[in-house]
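Take a look at the structure below.
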Amino acid sequence: MRRFQDNPILQPIASNPWESKEVFNAAAIGVGKRVHILYRAIGNDGISRIGYAVSSDGYIIDERSPVPVFEPHNKAEDYGCEDPRLTLIGDQIVMAYTALSEIDHEQFYQISLTSIAVNDFLSKQWKWNEQLLPFRGIRNKDAVIFPKKIGGKYVMFHRIEPDMCVAYSDDLRRWYDIRSFMRPRTKSWDCWKVGAAGTPIELNEGWLLIYHGVSFEKVYSLGVIVLDRDNPETILYRSETPILTPVTDYERFGKVPNVVFSCGNVLINDEVLVYYGGADSVMCVATYELNELMPKK
Ligand code: BMA
């Protein structure tokens with residue numbers, strides 16, 4: 001793997017009040033020959049909003065929106081919209097994110113879903129459809145939707161602490177068969193919590209999914225699993241060691257130290273570009289050959 005030499009690719013902009021403090025944990029999607037990056041931005045008021053940047057080669061940012069492209073709309077997300085993940089389904093791009101609110105003076109987070117027509121997305125008309133709370137009232141985050149139906153159903157991965165869980169849907173509105181399918185591992189870098197990173201990538205060998213694992217020392221690393229193509233709850237392979245762990249200064253020092261956290265990846269010519277937040281402060285990218293992520297034959 002290689003970290004992009006000019007990491008971080010995005011940093012806060014002090015003169016933009018909505019993204020003055022931290023920019024991190026971005027979704028990434030390749031449409032129309034460009035990589036579109038929707039990142040979590042925290043500004044002067046401490047609220048998370050979603051910013052937008054676009055890149056032709058996946059590394060150099062060509063353009064960045066001066067205003068947020070998605071902001072809190074309702075009480076469920078009063079305190080912020082965090083950690084977006086994007087999936088192209090037909091002519092819509094579905095965004096799953098963490099909605100943060102306060103209940104009885106305590107922070108409460110849950111998953112929220114919205115979508116936008118691809119044409120509107122590409123022409124930067126940020127006409128998002130209504131927000132849905134698929135698990136209203138359940139403390140849950142790290143939601144990502146598969147890019148196609150499996151066995152006639154939409155599939156979502158999400159995390160009810162500390163496990164990675166699955167849910168199914170016929171219409172992207174009502175979700176059922178919610179259960180855990182992957183637990184943290186004892187005595188490992190992912191012994192405390194696990195959750196999905198970016199959108200799963202379909203390969204002949206199965207679904208490739210990058211995930212984050214947290215250790216008891218609160219170090220956030222990334223690993224990889226391969227899932228059966230027809231049964232995404234069947235784990236064919238789970239990496240023993242992380243594929244990325246905090247090493248550089250921009251991963252070790254920041255708002256939350258020792259964090260690499262990803263919400264987006266794209267496959268370009270057998271290379272996987274993994275977009276990740278460093279120390280909950282800046283946005284970075286690292287590149288992997290497909291064959292280095294897959295189990296050795
Ligand atoms: C997780 C999420 C991420 C964050 C990570 C490390 O629970 O809140 O947004 O990057 O913790 O602080």
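In this chain, residues are counted from 1 in sequence order.
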Partner of Asn140 under side-chain hydrogen bond (donor to acceptor under 3.5 Å, both in side chains), picked from His158, Glu161, Gln110, is His158
Under a plain distance cut-off of 3.5 Å, with no hydrogens placed, do Arg238 and Tyr211 share a side-chain donor-acceptor pair?
yes
Should Val94 and Trp128 be counted in the same cluster of Ile, Leu, Val, Met, Phe, Trp and Tyr side chains packed under 4.5 Å apart?
no
side-chain hydrogen bond (donor to acceptor under 3.5 Å, both in side chains) contacts in which one or both residues fall within residues 19-31, not counting sequence neighbours:
Asn16-Glu19, Glu19-Tyr39, Glu19-Arg64, Ser20-Asn44, Asn25-Asp83
Quick one: do Arg2 and Glu271 make a salt bridge, cutoff under 4.0 Å?
yes
Looking only at side-chain N and O atoms, does Ser56 offer a donor or acceptor that is under 3.5 Å from a partner on Asp62?
yes
Which value, rounded to the nearest 0.5 Å, describes the distance between Phe181 atom CZ and Ile235 atom CD1?
5.5 Å
Rounded to the nearest 0.5 Å, what separates atom OG in Ser262 from atom CD1 in Ile243?
8.0 Å
Side chains of Cys191 and Phe216 in contact at under 4.5 Å (non-hydrogen atoms):
yes
In terms of heavy-atom contacts, Met1 and Ala286 come closest through CE-CB, 3.8 Å
I need the minimum non-hydrogen distance between Pro184 and Asp163, along with the two atoms involved.
CD-OD1, 3.4 Å
List the steps, then state whether side-chain contact (heavy atoms from CB on, under 4.5 Å) holds for Leu227 with Phe157.
CA-CA 12 Å; Leu227 305 153; Phe157 282 171; 3.5 Å; yes
Answer whether the closest heavy-atom distance between the side chains of Asp177 and Val166 falls below 4.5 Å.
no
Backbone N/O of Leu132 and side chain of Arg173: donor-acceptor pair under 3.5 Å:
no
If you count every heavy atom of other residues, nucleotides or ligands that lies below 6.0 Å from Lys33 atom NZ, does the total exceed 12?
no
More than 12 heavy atoms of other residues, nucleotides or ligands under 6.0 Å from CD of Gln107: yes or no?
no
With the side chain counted from C-beta on, respond yes when Ile210 and Val274 share a heavy-atom pair under 4.5 Å apart, and no when they do not.
yes
Enclosure of Lys255 NZ (heavy-atom neighbours >12, cutoff 6.0 Å)
yes
Could you see if Leu86 belongs to whatever hydrophobic cluster contains Leu122? Use Ile, Leu, Val, Met, Phe, Trp, Tyr and a side-chain cutoff under 4.5 Å.
yes
Between the main-chain N or O of Val219 and the side-chain N or O of Trp189, is there a donor-acceptor pair closer than 3.5 Å?
no
I'd like to know if Lys149 pairs up with Asp170 as an ion pair, taking the criterion as any Lys NZ or Arg NE/NH1/NH2 lying under 4.0 Å from an Asp or Glu carboxylate oxygen.
no
For Ala197, is there any backbone N or O sitting under 3.5 Å from a side-chain donor or acceptor partner on His212?
no
Any side-chain heavy-atom pair from Pro162 and Arg183 closer than 4.5 angstrom?
yes
Would you name the heavy atoms of Pro12 and Val23 that are closest together and state the gap between them?
N-CG2, 3.7 Å
Donor-acceptor pair, distance only, cut-off 3.5 Å: does the side chain of Trp18 make one with the backbone of Gly51?
no
Consider ring pair (Phe, Tyr, Trp, His ring centres under 6.0 Å). Of Trp207, Tyr168, Tyr154, which one does Phe146 pass it with?
Trp207
Do the side-chain N and O atoms of Tyr59 and Thr287 include a donor-acceptor pair separated by under 3.5 angstrom?
yes
Chi angles and distances behind the side-chain contact (heavy atoms from CB on, under 4.5 Å) call for Gln131, Tyr97:
CA-CA 10 Å; Gln131 292 84 50; Tyr97 61 97; 3.1 Å; yes
In terms of side-chain heavy atoms, does Tyr250 have a donor or acceptor partner in Asn7 at a distance below 3.5 Å?
yes
Should Leu209 and Leu267 be regarded as members of a common hydrophobic cluster, given that ILVMFWY residues are connected when their side-chain heavy atoms come within less than 4.5 Å of each other, either directly or indirectly?
no
For the residue pair Cys284 and Ile9, establish whether any side-chain heavy-atom pair is separated by less than 4.5 Å.
no
Which distance, rounded to the nearest 0.5 Å, do you find between the CH2 of Trp175 and the CD1 of Ile111?
9.5 Å
Trace of the side-chain contact (heavy atoms from CB on, under 4.5 Å) decision for Leu172 with Ile89
CA-CA 10 Å; Leu172 294 170; Ile89 299 179; 4.3 Å; yes
So does Arg174 get a backbone contact from the side chain of Asp171, meaning a donor-acceptor N/O pair under 3.5 Å?
yes
Connected via hydrophobic side-chain network under 4.5 Å: Met95 and Val118
yes
For the pair Asn129 and Thr114, evaluate side chain to side chain donor-acceptor pair (under 3.5 Å) and give the outcome as yes or no after the intermediate values.
CA-CA 6 Å; Asn129 295 315; Thr114 183; over 6 Å; no
Is any side-chain heavy atom of Cys81 closer than 4.5 Å to a side-chain heavy atom of Ser112?
no
Is the ring pair His73/Phe70 parallel, tilted or perpendicular, if the boundaries are 30 and 60 degrees?
tilted
Which atom of Glu77 lies closest to which atom of Pro72, heavy atoms considered
O-CB, 3.1 Å
Does a donor on one side chain sit under 3.5 Å from an acceptor on the other, for Glu251 and Tyr276?
yes
Would you tell me whether Asp228 and Thr234 have side-chain atoms, one donor and one acceptor, within less than 3.5 Å of each other?
no
Contact summary for Val260 and Ser221, nearest pair of heavy atoms:
CG2-CA, 3.8 Å
For the OH atom of Tyr109 and the CG atom of Leu100, what is their distance to the nearest 0.5 Å?
10.0 Å
Just by modelled atom types, is the Lys193 backbone N or O under 3.5 Å from a matching donor or acceptor in the Asp190 side chain?
no
Test side-chain contact (heavy atoms from CB on, under 4.5 Å) on Leu113 and Ile145; report intermediate values, then the result.
CA-CA 10 Å; Leu113 300 178; Ile145 296 176; 3.9 Å; yes
Charged N-O contact under 4.0 Å between Asp142 and Arg159:
yes
Smallest heavy-atom separation, Phe24 atom then Asp280 atom, equals CD1-CA, 3.4 Å
Linked, directly or transitively: Val226 and Ile201 (ILVMFWY side chains, under 4.5 Å):
yes
Give a yes-or-no answer on whether the side chains of Glu63 and Tyr52 include a donor-acceptor pair shorter than 3.5 Å.
no
At what distance, to the nearest 0.5 angstrom, does OG of Ser169 lie from CE of Met156?
7.5 Å
Straight-line distance of Asp78 CG to Phe108 CZ, nearest 0.5 Å
13.5 Å
Would you say Ser101 and Tyr79 are linked by a side-chain donor-acceptor pair, where the criterion is simply a distance under 3.5 Å?
no
Quick one, Tyr288 and Leu273 - any side-chain contact, counting heavy atoms below 4.5 Å?
no
Hey, are the side chains of Leu38 and Phe121 touching, using non-hydrogen atoms and a 4.5 Å cut-off?
yes
Under 4.0 Å between a side-chain nitrogen and a carboxylate oxygen: does that hold for Arg229 and Glu202?
yes
